[in-house]
Amino acid sequence: MIESKLTEALTKAVKTLYQQEVKPAIFQIQKTRPEFEGDLTVVVFPLLRLSHKAPEATANELGQWLMEQVEEITGFNVIKGFLNLEIAGTYWLSFFKSAMAMEHFGFQPQRDEPPVVIEYSSPNTNKPLHLGHVRNNLLGWSVAEILKAAGKKVIKVNLVNDRGIHICKSMLAWQKWGNGITPQTSGQKGDKLVGDFYVLFDKKYKAQVAGLVKQGMDEKEAAQKAPLILEAKEMLVKWEAGDAAVRKLWKEMNSWVYAGFDITYQRMGVDFDNIYYESQTYLLGKALVSKGLEENIFYKKEDGSVWCDLTNEGLDEKLLLRADGTSVYMTQDLGTAQLRYDDYHPQKLMYVVGNEQNYHFEVLKHVLKKLGKSWADGIYHLSYGMVELPHGKMKSREGTVVDADELMEEMAATAQKTSSELGKFDDFTPEESANLFEMIGLGALKYFILKVDPKKTMLFNPEESIDFNGNTGSFIQYTHARIRSVLRKAKAAGITPDNERMAGLSLEKKEKSLIKLLYDFPQTVEAAATAYSPAQIANYSYELAKEYNQFYHELSILKEEDPAKRDFRLLLSGFTSQVLRTAMGLLGIQLPERM
RNA sequence: GGUCCGGUAGCUCAGUUGGAUAGAGCAGCAGCCUUCUAAGCUGCGGGCCGCGGGUUCGAGUCCCGCCCGGAUCACCA
């Protein structure tokens, strides 16, 4: 890399010119801003205490020295305290040539070290996936891919919350009012069917509570004593006791939900290496709690509930087991974490979970540490912001929840509508066009969500998300299709670009800026992996596509008369399309050959 | 009230460890298709970077205080 070579040279320069030994970190090398001449810029302000000279004088001296000593530097200029260096076109060309020859440009080979286990999705089996899960799934999947690209071993896991009071509510409602309905008999997707019964339970329960309040009962008391909730609680106790009938119904209804989830996941393009079920981990959690109780790390209240005191850690007291002995969310998560650690001995246990649960994960880490688990330090909560709608948050009671399946369907449908208005695909087979609309619709959705920094609350405006112009997934897909079209035409004309002829070329401005952007790709992947931020990949892809479009408009490729230049531009186009594919692949977005 | 996160153009968002005159897209206006895909390109207008102090040669970025918005502090998950 030219940057490290420059740092080395600057260290030497400072030593010769100013007789000073310095650490390389003092040299700030950045890309020259486009309004100035040059490729790379050295900020000389921090060096003034070494030179004891004015900024311009220091910059000039260093520039002169670098010109003489570093062959890649072909010129420099100084503006205020900024030393702008011009890097030889031959350097960029040789970079380009070697990058093209690489098998996985931008990716690092997998390192031999413990894996990162990343959990995402984490659905409940009482309701279908919605917009919030969409952000979660896309983020988790993409971060996993980015980490892999950066050389990590990654295990993608899902944690299905398949047990608990909420599932009992759906089960109870189905028993009471379902009349034996199934996905098969109703033709409804299993997760939707079960979700409907959960909603039905809530409705009937609310009615009961209201009835009790009308009879003069206190509202809080009514909420606890309504017959339906008592029945649900009883069912949960039976479930934990292993009651055969309850377990049978539970298994059946969950299987409906899983079949439904699978369809959603598949369309969304996310997958998992392993799936954990809370029904299989909560006992392990309970065991951990008992052990902690024996060792006096936790304590029991008179009513039998078990707690962990975290007031010394600046937190509160936390419930770990209910008075009736059933487990809570935290109990399960303790067990799941332990199991996951035992399974993989990972360097990091990552959880992609919304920021509403920041406190929960802080507590989880502390409780595990209290239990003496040193690996708890490897727990990392990748906390992302909520997705809001133009009219505020999603509220199931107000019917503003955006269903994941419907959302994807709508995106594909809009892609179809827009495409047919442009009237481009008359020669496509129905399969080809369906495939394309899916690619465009899902690409728009994924890009819209992933381009926002994960930790920020984001606004999901359905109309804007479906827009195909500007900073969108479609823009990048279009750029790719455009490049592929040129390459097809070249091939049809019998042109096979020769990369031996480009050595002596002098680069046009747009050619050089395109190469420089391609040069940034590996460090962009690295930075995105460090920051766990697919947004950085999205922004890079957009920059690259935009730069290519400018190149495309300013210079002709196939009509270029000089065959060396023509070939070079073809190669540059081809490589750009490849990097776009790689980058967007990290976001789970496919790029079409035509659109 | 305690803790955590955010506040950048009318709207949605970028802005590396502090560096040059704070950038995109959308929306608005004006241009560019007999030439490789106009889902594109070019130009114009639009900003007390929430407010006030501080550190620094230099602050959207770091520190302190305040204002506003959100999350959380459940025998819900």
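Quick note on labels: first sequence line is chain A, next is B, and so on, each numbered from 1. The figures here come from the full heavy-atom set of this structure, side chains too, leaving out hydrogens, waters and symmetry mates.
- A distance of about 41 Å separates the P atoms of B:C32 and B:G19, rounded to the whole Å.
- Distances shorter than 4.0 Å separate some side-chain N or O of A:N469 from OP1 or OP2 on B:G40.
- Rounded to whole Å, the distance from CZ on A:F45 to P on B:G19 is 12 Å.
- In the set B:G6, B:A20, B:G40, B:A20 carries the atom at the smallest distance from any side-chain atom of A:K80.
- For the pair A:R163 and A:Y277, the cation-pi test (distance below 6.0 Å, angle within 45°) is failed.
- With ring centers used as reference points, A:F475 lies 6.0 Å or more from A:Y478.
- The residue among A:D453 and A:S556 whose nearest nucleotide of RNA chain B lies closer to the 5′ end is A:D453.
- With a cut-off of 3.5 Å on both pairing distances, the Watson-Crick or G-U wobble partner of B:G28 is B:C44.
- As judged by a 4.0 angstrom heavy-atom cut-off over every strand, A:E560 is placed among residues making no nucleic acid contact.
- Taking 90° from 0 as the syn/anti boundary, the base of B:C32 is oriented anti.
- As judged by a 4.0 angstrom heavy-atom cut-off over every strand, A:A527 is placed among residues making no nucleic acid contact.
- Between A:M458 atom CE and B:C11 atom P the separation is 17 Å, expressed in whole Å.
- Figure legend. B:G6 is base-paired to B:C68; pairs are counted as Watson-Crick or G-U wobble with both atom distances under 3.5 Å.
- Looking at A:N84, its side chain comes within 3.5 Å of the base of B:A20 through a donor and an acceptor atom.
- Separating the C1' atom of B:G23 from that of B:C66 is a span of 29 Å, rounded to the nearest Å.
- Contact between the side-chain N/O atoms of A:K456 and the OP1/OP2 oxygens of B:A14 is found at a separation under 4.0 Å.
- Look at A:S474 and you won't find any side-chain N or O under 4.0 angstrom from OP1 or OP2 of B:A39.
- Residue contacts for A:L555: at a heavy-atom cut-off of 4.0 Å it reaches a base atom on one of the strands shown.
- Close to B:A22, at under 4.0 Å from its OP1 or OP2, lies no side-chain N or O of A:R33.
- Comparing the P positions of B:C5 and B:G10 gives an interatomic distance of 28 Å, to the nearest angstrom.
- Distances shorter than 4.0 Å separate none of the side-chain N or O atoms of A:K31 from OP1 or OP2 on B:U16.
- Contact of A:T457 with B:A71 (side chain to base): no donor-acceptor pair of N or O atoms is detected under 3.5 Å.
- Side-chain N/O atoms of A:Q357 include none lying less than 4.0 angstrom from OP1 or OP2 on B:A71.
- A:D333 CG to A:K365 NZ: the interatomic distance, rounded to the nearest 0.5 Å, is 14.0 Å.
- As judged by a 4.0 angstrom heavy-atom cut-off over every strand, A:M386 is placed among residues making no nucleic acid contact.
- Note on A:Y542: only backbone sugar-phosphate atoms sit closer than 4.0 angstrom, heavy atoms only; bases stay farther off.
- When the nucleotides B:G19, B:A38, B:C26 are ranked by their closest atom to the side chain of A:Q30, B:G19 comes out on top.
- Among B:C36, B:U72, B:C73, the nucleotide with an atom closest to any side-chain atom of A:E356 is B:U72.
- At a threshold of 4.0 angstrom between heavy atoms, the contacts of A:V452 are confined to the sugar-phosphate backbone, with no base atom among them.
- Comparing B:A14, B:G19, B:U37 by their closest approach to the side chain of A:R488 singles out B:U37.
- Taking the six-membered ring wherever Trp is involved, the centroid distance between the rings of A:F460 and A:F448 falls below 6.0 Å.
- Across all strands shown, A:T41 has heavy atoms under 4.0 Å from base atoms, whether or not it also approaches the sugar-phosphate.
- For the pair A:F82 and B:A20, the ring geometry qualifies as stacking, because the centroid separation is below 5.5 Å while the planes lie within an angle under 30°.
- Distance NZ (A:K220) to P (B:A74): 12 Å, rounded to an integer number of Å.
- Comparing B:G45 with B:A22, their P atoms sit 14 Å apart, to the nearest whole Å.
- Residue A:E547 is tested with A:K509, A:K510, A:K516 for a salt bridge (charged side-chain N to carboxylate O under 4.0 Å, His left out); the sole match is A:K510.
- Annotation: B:A59 and B:C68 have their C1' atoms spaced 22 Å apart (nearest Å).
- Ring geometry, A:F201 versus A:Y205: the interplanar angle falls under 30°, so the pair is classed parallel (tilted spans 30 to 60°).
- Put simply, OH on A:Y329 is 16 Å from P on B:A74, counting in whole angstrom units.
- Distances from the side chain of A:L459 to the nucleotides B:U12, B:U37, B:G19 place B:U12 closest.
- Atom C1' of B:G25 sits at a distance of 24 Å from the matching atom of B:G69, rounded to the whole Å.
- For the P atom pair drawn from B:C73 and B:C29, the interatomic distance equals 48 Å after rounding to whole Å.
- Listed nucleotides B:A24, B:G19, B:U12 differ in distance to A:Q28; the shortest reach to its side chain belongs to B:G19.
- Considering only side-chain atoms of A:Q550, the nucleotide from B:G40, B:C41, B:C13 that sits closest is B:C41.
- Atom CG of A:N539 and atom P of B:U16 are 11 Å apart (whole Å).
- Atom CD of A:E547 and atom C1' of B:A24 are 13 Å apart (whole Å).
- One interatomic measurement links the two molecules: NE2 of A:H553 to P of B:C36, which rounds to 11 Å at whole-angstrom precision.
- Contact annotation: A:K417 side-chain N/O to B:A39 OP1/OP2 distance is not under 4.0 Å.
- Taking the nucleotide of RNA chain B with the nearest heavy atom to each of A:K233 and A:P46, the more 5' of the two is matched to A:P46.
- Across all strands shown, nothing is found opposite B:U56 as a Watson-Crick or G-U wobble partner with both distances under 3.5 Å.
- Interatomic distance, A:M330 CE to A:H360 NE2, rounded to the nearest 0.5 Å: 4.0 Å.
- Ring-base stacking between A:F475 and B:G40 is not satisfied when judged by a centre separation under 5.5 Å and a plane angle under 30°.
- The shortest distance between the side-chain N/O atoms of A:Y478 and the OP1/OP2 oxygens of B:A39 is below 4.0 Å.
- As rounded to the nearest Å, B:G50 and B:U12 have P atoms that lie 15 Å from one another.
- The cationic group of A:R135 does not satisfy the cation-pi geometry with A:Y384, failing either the under 6.0 Å distance to the six-membered ring centre or the 45° limit from the ring axis.
- For the pair A:K301 and A:W307, the distance from NZ or CZ to the six-membered ring centre is under 6.0 Å and the angle to the ring normal is within 45 degrees.
- With rounding to whole Å, A:Q536 atom CD is found 19 Å from B:A24 atom P.
- In this structure, the nucleotide among B:U37, B:G25, B:C76 sitting nearest to the side chain of A:K489 is B:U37.
- Between A:F82 and A:F45, the ring centre distance stays below 6.0 Å.
- Within the structure, every side-chain polar atom (N or O) of A:K546 is placed at least 4.0 Å from both OP1 and OP2 of B:C41.
- Using the Watson-Crick or G-U wobble rule with both distances under 3.5 Å, B:G1 pairs with B:C73.
- With hydrogens and angles ignored, no donor-acceptor pair closer than 3.5 Å exists between the side chain of A:T472 and the base of B:A39.
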